[in-house]
K.L.:
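Before we start, here is the structure in question, set down as structure tokens.
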Amino acid sequence: MLDPSPEDDGTSPTVSTPHFVGRDREMAALRGALARPPAIVLVEGEAGIGKSRLLREWLAAPDQHTALVSVCPPLRESLTLGPIVDAFHGIERRVPRLRLTELAGALRPLFPEWSENLPPALPPLDDAKAARHRLFRALDELLRALRVDVLVLEDAHWADDVTCEFLLFVISRQQSDGPSLVISYRPEEVDDRSLLLRLTSRLPAGVTQLRIALAPMRFDDTAALVSSMLDGKPISQEFTTFMHDRTGGVPLAVEESVRLMCDRADLVFRDGQWVRLKLRELQVPPTVRDSTRERVSRLSPTAQQALRAAATLAERSSVATIAMTADLSPAACRGAIAEAAGAGVLDGDDRGRWRFRHVLAATAVYEAIPLTDRRHFHLLAGRALEHLHPPPVARLAHHFREAGETPSWARYAEQGAELAMASGDHTKAVDLLVDLLSWAVLPPVDRARVARIAGVAALGRREPVDEVYHRVVRTLRSVLDTPGLSARQQAEIRNPLGRLLITGGEAQAALSELEQAVANLDHDPVEAARAMTYLGWAYAGPWPAATHRRWLDRAAALTARIDSPTQRLNLAGNRAAALLMLGEEEAWDVVADLPADGTTAAERLDVARIHVNVGTGALIWGRYADAEQHLAVAMRLAEAEQASRLQHNIRLEQANLAWNTGRWDGLAETSAALADADRDRPAHYLGSIRLAARLAAAAGRRRAAEEQFRLVLQESARLGAADDTMEAAAALARLWLTDGNSRRALRITDEPMDTVRRKGIWVWATDLVPARIEALLAAGDLTAATRLVDQFARGLRGRTAPAPRAGLAVCRALLLAAAGDHSRAATAYDRAARAWSALPRPYEAMRARERQAEALIAQGRIEQGRELLAAQYEQLFRLGARGDADRVAQRLREHGAEVPRLWRGGRRGYGDQLSPRELDVVQLVVAGRTNREISRILTKSPATVDQQLRAAMRKLKVNSRTALAVKAVEAGVFAEED
């Protein structure tokens with residue numbers, strides 16, 4: 001206990017602004033990096049660590065640089081590109097004096113106050129990505145016209161996604177004359193998926209890169225900081241230890257604690273140094289929040305009112321805005337702000353705008369406002385901000401929402417959403433509108449309008465099927481239950497809802513919504529034609545092909561009356577893909593007229609999507625050369641436009657093409673990588689699992705194949721994707737037929753077979769009908785099998801689809817073999833094998849040759865049959881179909897033939913020894929790495945790591961990671977130096 005003594009000189013501390021201490025090394029690095037432009041400097045650290053102070057000190061230096069500075073506010077719904085727009089509002093040079101191209105017309109929505117001096121507005125773009133790219137180019141042009149050397153963005157962890165994308169855009173265009181970027185943020189508040197993490201991942205050549213991670217101050221620096229606030233005189237060792245231990249060396253906590261102690265007269269100058277009184281009695285608040293609240297409570301009631309207003313506003317605000325929010329006169333508010341600034345709570349800039357010196361302090365004051373008073377403060381804040389030009393619509397929506405003023409909230413939320421969509425930030429628009437629909441009570445007409453805009457905005461999102469998707473779907477369905485909506489209003493909501501449901505895999509529900517929408521979309525022929533085209537897709541529902549065809553014909557009739565070439569292209573391309581799904585020959589006439597490129601980014605993306613769909617249809621038909629061509633066009637365009645999700649779609653179809661054409665090398669890794677990338681999109685994820693199941697079945701991994709095919713079948717049926725159930729059901733039937741279980745094979749193919757008959761789309765039955773025929777023959781029902789083959793033949797009449805026709809050839813051969821006509825069966829199998837080879841589809845050709853060999857042996861041509869069987873064994877083995885090869889080997893032995901000894905022709909076998917890849921995995925397990933860490937280190941998919949880890953466990957005869965590590969070390973798997 002240190003008590004006052006007669007030796008105390010009675011000097012009371014005068015608190016000064018702390019000096020800039022403990023950051024010399026960081027400042028030198030910052031200056032050095034920015035002296036080698038262009039540069040990107042990331043300043044990271046926790047709240048209160050001194051990021052802003054470091055940047056202020058650099059900006060205050062007499063260096064010759066032009067800097068644009070902005071801070072990202074912690075709003076619930078941050079304004080799209082708001083920080084960048086605010087930065088430009090702080091410029092001194094006048095826009096009229098700048099030489100701007102016509103591109104700058106894209107800036108009008110962001111800078112309406114400059115409308116008289118900006119070029120004319122540009123025509124709107126249908127594609128949000130293209131619009132955003134154009135806006136970015138315009139902002140970049142403005143930066144260069146202003147000759148900005150450095151763009152500073154503070155608190156980037158609160159930045160909206162479009163702001164982050166703009167920073168990435170600037171980085172990608174940095175040249176010798178490009179602006180440097182200085183960005184500060186809190187790493188603990190940056191999500192793993194944040195675009196901030198990509199800022200330094202791919203820098204152009206010649207860009208200087210620096211990351212400054214600010215750590216808490218050291219003991220001596222803490223002492224220096226406190227001393228600088230107390231007349232520069234030294235402080236006691238005990239006081240320093242107390243401050244450093246209690247604050248953790250965080251500058252903000254140190255500074256605020258010193259101010260609090262001075263306010264409470266707990267410091268005294270004794271024996272030439274500052275010491276604290278009553279060390280045991282006074283507890284320094286553990287957080288800045290507590291210290292801030294105590295300091296604020298010592299100010300006058302008027303100053304406290306002004307601080308509550310500033311905390312509610314959250315951003316730098318003028319005296320007039322704070323006065324209106326605090327319900328004070330301008331004179332009283334100026335005095336209150338002066339008092340708060342003198343206490344070190346508020347900080348002003350050279351434009352007379354004020355805010356809390358630290359966000360934590362503002363939060364502490366705001367949270368201390370009683371809930372009943374907060375609504376009033378937000379109401380006054382909203383009314384004050386309405387006087388600004390241009391009005392900050394996102395902030396206004398926020399304040400009026402918190403104030404419970406629904407009409408104003410709705411008005412500004414819609415304006416904010418419109419601005420967000422114009423900037424390409426559809427997710428922000430959806431968040432604003434769904435929030436409004438979820439919590440506000442709106443008249444039916446307003447509720448319908450907002451829901452329609454929200455649905456359209458959701459269709460423009462690039463994100464996957466995530467929580468935002470599910471929330472907007474739930475909201476749109478809820479709005480449809482609103483009493484008093486007209487048929488037209490409902491249709492305008494059901495139309496985007498149906499298309500969203502297609503993305504989410506709810507095919508049957510999607511068709512229901514779209515069918516109801518079409519009846520009342522006469523006022524919008526483009527949307528009506530688009531909805532009709534979606535209804536023409538035959539992937540779901542009980543409708544026969546003729547019904548889908550009628551929808552497509554209606555869409556074609558409407559399309560002919562549409563003036564826009566872009567819309568006609570979109571509708572024609574989607575119609576071609578839908579016709580392919582129906583097995584209609586005329587589809588290829590439409591495909592022949594499709595372009596291979598576009599004149600705009602939006603057109604190129606549309607053309608790419610069309611060619612993906614055509615490629616998928618060509619795969620179903622068995623026109624693999626056409627499929628490869630269309631997928632190549634799609635990939636070229638998708639890569640040019642950096643459409644990553646679309647590229648995933650294309651890679652999946654290219655993997656399916658590789659499977660069919662016998663290019664199996666690396667397909668297992670590809671399927672695992674695709675599954676990891678597409679877990680949030682049900683249809684694509686199941687496509688990846690189906691590919692893995694095919695490989696497992698061919699390799700003889702029966703259990704894995706069965707589980708994966710069952711998952712594909714069940715989920716496809718649940719999602720209403722009828723066409724995706726065909727192959728899975730056929731594959732399961734073949735697996736069960738090898739067990740002699742024909743009854744189970746018939747049951748699993750019952751429903752898919754009924755779907756094919758009901759819809760009349762026989763091009764889907766390439767795999768299904770042969771498997772069904774085998775099951776019927778195994779059950780002894782030759783009559784039903786013969787009837788099904790006849791139906792298959794009639795269904796393909798007039799259609800040139802090569803794959804289904806090859807499947808039909810197999811079916812006919814199966815009937816001949818079942819009738820005991822082995823000579824004609826051998827000829828029929830030969831015909832089927834040739835048909836498969838012509839596609840080419842070598843795996844199916846080999847299986848047909850295997851059956852041909854069996855037919856030859858059955859008719860007594862044993863040697864010829866054994867030779868053909870041995871050839872299939874070798875080809876299946878080399879292809880990678882080891883399960884099929886084992887089956888053929890067994891048949892060779894049964895027929896008295898010797899099984900050829902074959903080398904893999906690729907990776908060598910390691911028997912019970914670990915392969916080099918398994919050794920890599922085990923070594924990292926011994927080092928204590930998790931599977932995900934191993935995946936990242938070795939650049940493998942988690943599924944591949946798991947597979948190799950299980951293989952290593954099996955070889956070392958253990959069943960846990962710990963036992964594996966112990967056994968590996970004990971067995972001397974690794975050299976000592978490893």
Side-chain angles (χ1 to χ4, degrees), residues 69-90 109-113 153-163 306-327 333 346 349 351-356 359 362-363 365-367 369 373-423 425 427-436 439-440:
V69 184
S70 189
V71 180
C72 300
L75 293 175
R76 178 195 297 269
E77 302 292 349
S78 59
L79 177 62
T80 302
L81 283 175
I84 305 300
V85 173
D86 287 346
F88 281 110
H89 282 153
L110 296 183
F111 303 101
E113 66 274 29
L153 184 68
E154 293 189 58
D155 295 335
H157 48 275
W158 284 316
D160 59 282
D161 285 346
V162 178
T163 296
L307 288 176
R308 295 188 191 101
T312 303
L313 288 163
E315 291 193 45
R316 284 198 182 276
S317 303
S318 66
V319 173
T321 301
I322 296 174
M324 292 182 67
T325 305
D327 199 14
C333 187
L346 290 183
D349 63 10
R351 298 175 60 189
R353 299 179 305 170
W354 297 88
R355 69 169 183 180
F356 279 78
V359 171
T363 303
V365 172
Y366 178 78
E367 291 180 349
I369 301 174
D373 294 340
R374 285 187 195 174
R375 295 184 64 171
H376 183 64
F377 273 106
H378 280 291
L379 176 61
L380 294 178
R383 291 174 177 172
L385 292 175
E386 284 183 314
H387 289 80
L388 299 184
H389 183 75
V393 290
R395 293 175 64 192
L396 285 163
H398 162 74
H399 288 301
F400 284 121
R401 179 192 191 281
E402 297 299 323
E405 289 290 312
T406 299
S408 297
W409 170 22
R411 181 171 69 257
Y412 290 117
E414 287 191 64
Q415 291 179 21
E418 182 180 352
L419 181 59
M421 285 191 287
S423 302
D425 191 354
T427 296
K428 180 62 65 181
V430 170
D431 286 338
L432 284 167
L433 298 176
V434 169
D435 194 45
L436 179 63
W439 300 106

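If you read the sequence from its start, that first residue is 1, and numbering goes on from there.
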K.L.:
Heavy atoms, side chains only, cut-off 4.5 Å: are V71 and P83 in contact?
P.N.:
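Counting from C-beta outward, V71 and P83 never come under 4.5 Å.
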
K.L.:
Any side-chain heavy atom of E154 within less than 4.5 Å of one from V69?
P.N.:
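Of all side-chain heavy-atom pairs linking V69 with E154, at least one is under 4.5 Å.
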
K.L.:
With a 4.5 Å cut-off on side-chain heavy atoms, are Y366 and F377 touching?
P.N.:
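No - every pair of side-chain heavy atoms lies 4.5 Å or more apart.
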
K.L.:
If we only count heavy atoms from C-beta on, is the S408 to L396 side-chain gap below 4.5 Å?
P.N.:
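Side chain of S408 against side chain of L396, heavy atoms only: no contact under 4.5 Å found.
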
K.L.:
Walk me through whether L307 and F356 qualify under side-chain contact (heavy atoms from CB on, under 4.5 Å).
P.N.:
CA-CA 8 Å; L307 288 176; F356 279 78; 3.7 Å; yes

K.L.:
Which heavy atom in F400 sits nearest to a heavy atom in W409, and how many Å separate them?
P.N.:
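Smallest heavy-atom distance, with atoms named: CB-N, 3.7 Å.
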
K.L.:
With rounding to the nearest 0.5 angstrom, report the SG to CG distance, C333 to D327.
P.N.:
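CG of D327 is found 11.0 Å from SG of C333.
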
K.L.:
Would one find more than 12 heavy atoms of other residues, nucleotides or ligands at under 6.0 Å from atom CZ of R411?
P.N.:
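Yes, enclosed.
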
K.L.:
Just verifying a value: how many Å separate D86 CG and S70 OG, rounded to the nearest 0.5 Å?
P.N.:
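If I round to the nearest 0.5 Å, the distance is 4.5 Å.
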
K.L.:
Are H378 and E405 close enough that some pair of their side-chain heavy atoms sits under 4.5 Å apart?
P.N.:
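Side-chain contact under 4.5 Å: no.
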
K.L.:
Please say whether more than 12 non-hydrogen atoms of neighbouring residues, nucleotides or ligands are located less than 6.0 Å from CD in E418.
P.N.:
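Open: at most 12 neighbouring heavy atoms sit under 6.0 Å from CD of E418.
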
K.L.:
Kindly give the heavy-atom pair with the smallest separation between G404 and R375, and that separation in Å.
P.N.:
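Closest approach of G404 to R375, heavy atoms only: CA-NH2, 3.5 Å.
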
K.L.:
Specify the closest pair of heavy atoms between P109 and L419, including all atoms of both residues, with the distance to one decimal.
P.N.:
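For P109 and L419, the tightest heavy-atom pair comes out as O-CD1, 4.0 Å.
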
K.L.:
Any donor-acceptor pair under 3.5 Å linking the side chain of T312 with the backbone of R308?
P.N.:
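It does hold such a pair.
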
K.L.:
Please give me the minimum heavy-atom distance between I322 and A309, naming the atom from each residue.
P.N.:
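Scanning both residues, the minimum pair turns out to be O-CB, 3.8 Å.
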
K.L.:
Side-chain contact test, heavy atoms from C-beta onward, threshold under 4.5 Å: evaluate it for V162 versus K428 and give yes or no.
P.N.:
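Not touching, per the 4.5 Å side-chain cut-off.
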
K.L.:
Have E386 and Y412 got a donor and an acceptor in their side chains that come within less than 3.5 Å?
P.N.:
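Distance-only check passes for E386 and Y412.
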
K.L.:
Would a 4.5 Å heavy-atom cut-off, applied to side chains only, mark L313 and R395 as touching?
P.N.:
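Result yes, sub-4.5 Å side-chain heavy-atom pair found.
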
K.L.:
Rounded at 0.5 Å granularity, tell me how far CG in L81 sits from OG1 in T163.
P.N.:
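Going from the CG atom of L81 to the OG1 atom of T163 covers 4.5 Å.
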
K.L.:
Kindly compute the distance separating CG (L346) from CZ (R353), expressed to the nearest 0.5 Å.
P.N.:
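That separation rounds to 14.0 Å.
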
K.L.:
For the residue pair L110 and I84, establish whether any side-chain heavy-atom pair is separated by less than 4.5 Å.
P.N.:
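No. Closest side-chain heavy atoms not under 4.5 Å.
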
K.L.:
Taking all non-hydrogen atoms of both residues, which atom of C72 and which atom of W158 are closest, and how far apart?
P.N.:
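That closest heavy-atom pairing would be O-CE3, 3.4 Å.
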
K.L.:
What is the minimum heavy-atom distance between A429 and A417, and which atoms define it?
P.N.:
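The answer is CB-O, 3.6 Å.
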
K.L.:
Measure the spacing between CH2 of W354 and OG1 of T321 and express it to the nearest 0.5 Å.
P.N.:
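With rounding to 0.5 Å, CH2 (W354) is 14.0 Å from OG1 (T321).
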
K.L.:
Hey, is the main chain of G352 close enough, under 3.5 Å, to the side chain of D349 for a donor-acceptor pair?
P.N.:
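Judged by distance alone, yes, a pair lies under 3.5 Å.
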
K.L.:
Under the salt bridge (charged side-chain N to carboxylate O under 4.0 Å, His left out) criterion, do D435 and R401 qualify, and how do the steps go?
P.N.:
CA-CA 10 Å; D435 194 45; R401 179 192 191 281; 2.7 Å; yes

K.L.:
Give, for atom CG of L385 and atom NE2 of H398, the distance between the pair rounded to the nearest 0.5 Å.
P.N.:
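Reported value, rounded in 0.5 Å steps: 10.0 Å.
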
